[in-house]
Amino acid sequence: QVQLVESGGGLVQPGGSLRLSCAVSGIVFDINNMGWYRQAPGRQRESVAIISVTDNTEYADSVKGRFIISRDNARNTVYLQMNNLKPEDTGVYYCKAEFYGIWGQGTQVTVSS
């Protein structure tokens, strides 16, 4: 059974930090590029960051310099470290196994004072 399970979301004040995790099971993790996406209320889902199987990374312009994506192939887990959070970062964050096109269920991130 394929599972992507996100965790680490929550409520944080502007300027704060959160670390999201996505634990993957049921697929061959280390052949997958892995992505983090987010969807704000009333908006389309957008790509936030992607990490390749060789650890190359790409970021949306809106998060460059603030977010860091990483992966631990031994733990079948991908992370998103989010720093200096802004209210516009609010949304549901999803991870995706790019090769299989499989999504997790999402974790809510709310940035508000």
Side-chain angles (χ1 to χ4, degrees):
Q1 181 181 1
V2 179
Q3 280 192 309
L4 283 71
V5 180
E6 300 97 334
S7 61
L11 172 65
V12 63
Q13 293 187 342
S17 297
L18 285 174
R19 188 193 196 204
L20 305 184
S21 300
C22 174
V24 181
S25 60
I27 59 174
V28 181
F29 179 76
D30 58 5
I31 69 169
N32 274 269
N33 294 345
M34 295 297 299
W36 283 100
Y37 296 75
R38 68 186 177 192
Q39 188 164 18
R43 300 187 66 178
Q44 289 189 331
R45 192 172 299 187
E46 63 176 353
S47 176
V48 175
I50 292 178
I51 185 165
S52 75
V53 297
T54 55
D55 288 343
N56 291 319
T57 57
E58 295 182 3
Y59 297 93
D61 288 343
S62 59
V63 306
K64 281 181 182 176
R66 300 189 297 121
F67 290 11
I68 301 171
I69 188 171
S70 61
R71 63 190 297 159
D72 184 339
N73 290 340
R75 289 181 167 84
N76 285 5
T77 301
V78 61
Y79 303 97
L80 187 68
Q81 177 67 44
M82 306 187 295
N83 302 318
N84 190 21
L85 282 159
K86 303 176 180 182
E88 52 264 41
D89 295 317
T90 295
V92 180
Y93 283 69
Y94 300 88
C95 66
K96 182 184 179 185
E98 300 288 343
F99 181 81
Y100 291 94
I102 297 172
W103 298 86
Q105 84 289 348
T107 186
Q108 176 69 45
V109 171
T110 303
V111 185
S112 175
S113 55

Colleague: Run the salt-bridge test on Asp89 and Lys86 with the 4.0 Å N-O cut-off and return the result as yes or no.
Modeller: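 Looking at Asp89 and Lys86, the cut-off is not met.
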Colleague: Could you check whether any side-chain N or O of Arg71 sits under 3.5 Å from a backbone N or O of Asn33, counting only pairs where one atom can act as donor and the other as acceptor?
Modeller: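 The answer is no, because no donor-acceptor pair under 3.5 Å joins these two groups.
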Colleague: With side chain to side chain contact (heavy atoms under 4.5 Å, CB included) as the criterion, how do Leu20 and Glu6 come out once you've worked through the C-alpha distance, each side chain's angles and the decisive distance to 0.1 Å?
Modeller: CA-CA 7 Å; Leu20 305 184; Glu6 300 97 334; over 6 Å; no
Colleague: Please name the pair of heavy atoms, one in Arg66 and one in Asn84, separated by the smallest distance, quoted to 0.1 Å.
Modeller: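 Answer, listing the atom of Arg66 first, then Asn84: NH1-O, 3.0 Å.
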Colleague: Under 4.5 Å between side-chain heavy atoms, counting indirect links through other Ile/Leu/Val/Met/Phe/Trp/Tyr residues: same cluster for Ile69 and Phe67 or not?
Modeller: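 Yes, because Ile69 and Phe67 connect within a single hydrophobic cluster, where side-chain heavy atoms sit under 4.5 Å apart.
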Colleague: When rounded to the nearest 0.5 angstrom, what is the spacing between OG in Ser21 and CD in Gln81?
Modeller: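 Interatomic distance, Ser21 OG to Gln81 CD, rounded to 0.5 Å: 9.5 Å.
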Colleague: Could you check Leu11 against Ser112 for side chain to side chain contact (heavy atoms under 4.5 Å, CB included), going step by step and ending with a plain yes or no?
Modeller: CA-CA 7 Å; Leu11 172 65; Ser112 175; 4.2 Å; yes
Colleague: Given the rule that I, L, V, M, F, W and Y join up when any side-chain heavy atoms are under 4.5 Å apart, are Val63 and Leu80 in one cluster?
Modeller: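 Yes: a chain of side-chain contacts under 4.5 Å links Val63 to Leu80.
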Colleague: Quick check for you: to the nearest 0.5 Å, what is the distance between Gln105 atom CD and Tyr94 atom OH?
Modeller: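 Spacing of CD (Gln105) from OH (Tyr94) equals 9.0 Å.
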Colleague: In Å and rounded to the nearest 0.5 Å, what is the CG to CG distance from Asn83 to Leu85?
Modeller: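 If I round to the nearest 0.5 Å, the distance is 7.5 Å.
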Colleague: Return yes if some donor-acceptor pair links the side-chain N/O of Asp72 with the main-chain N/O of Thr77 below 3.5 Å, else return no.
Modeller: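 Flag not set: sc Asp72 to bb Thr77 has no pair under 3.5 Å.
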Colleague: If you count heavy atoms of other groups shown closer than 6.0 angstrom to CD of Gln108, is the number above 12?
Modeller: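 Counting other residues, nucleotides and ligands, CD of Gln108 exceeds 12 neighbours.
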Colleague: Which donor-acceptor pairs under 3.5 Å do the side chains of residues 39-51 make with protein atoms, sequence neighbours left out?
Modeller:
residue, atom, partner, partner atom, Å
Gln39, NE2, Arg43, O, 3.1
Glu46, OE2, Arg38, NE, 2.7
Glu46, OE2, Arg38, NH2, 3.4

Colleague: Kindly indicate whether the side chain of Val12, heavy atoms from C-beta on, has any atom under 4.5 Å from the side chain of Ser17.
Modeller: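 Answer no - side chains too far apart.
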Colleague: Who pairs with Arg19 by salt bridge (Lys or Arg N to Asp or Glu O under 4.0 Å), at least two apart in sequence or on another chain?
Modeller: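 For Arg19, no residue satisfies salt bridge (Lys or Arg N to Asp or Glu O under 4.0 Å) once neighbours in sequence are set aside.
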Colleague: If every non-hydrogen atom of Leu4 is compared with every non-hydrogen atom of Cys22, which pair is closest and at what distance?
Modeller: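 What the structure gives for the nearest pair is CB-SG, 4.0 Å.
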Colleague: Less than 4.5 Å apart, side chain to side chain, heavy atoms only: is that true for Val2 and Tyr100?
Modeller: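 Not touching, per the 4.5 Å side-chain cut-off.
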Colleague: Between Val109 and Tyr59, is there shared hydrophobic-cluster membership here, with clusters defined by ILVMFWY side-chain heavy atoms closer than 4.5 Å?
Modeller: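 Cluster IDs for Val109 and Tyr59 match.
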Colleague: So, taking the atom named CD in Glu58 and the one named OG in Ser52, what distance separates them when rounded to the nearest 0.5 Å?
Modeller: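 If we round to the nearest 0.5 Å, Glu58:CD and Ser52:OG are 8.5 Å apart.
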Colleague: Give the cluster check for Tyr93 versus Ile102: same hydrophobic cluster or not, with ILVMFWY residues linked at side-chain heavy-atom distances below 4.5 Å.
Modeller: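 In one cluster with Tyr93: Ile102, yes.
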Colleague: Assigning hydrophobic clusters by single linkage (Ile, Leu, Val, Met, Phe, Trp, Tyr; side-chain heavy-atom cutoff under 4.5 Å), is Val5 placed with Met34?
Modeller: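 Hydrophobic grouping puts Val5 apart from Met34.
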Colleague: Considering non-hydrogen atoms only, spot the tightest contact between Ala97 and Ile27 and give its length.
Modeller: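 Between these two residues, the closest heavy atoms are CB-CD1, 3.7 Å.
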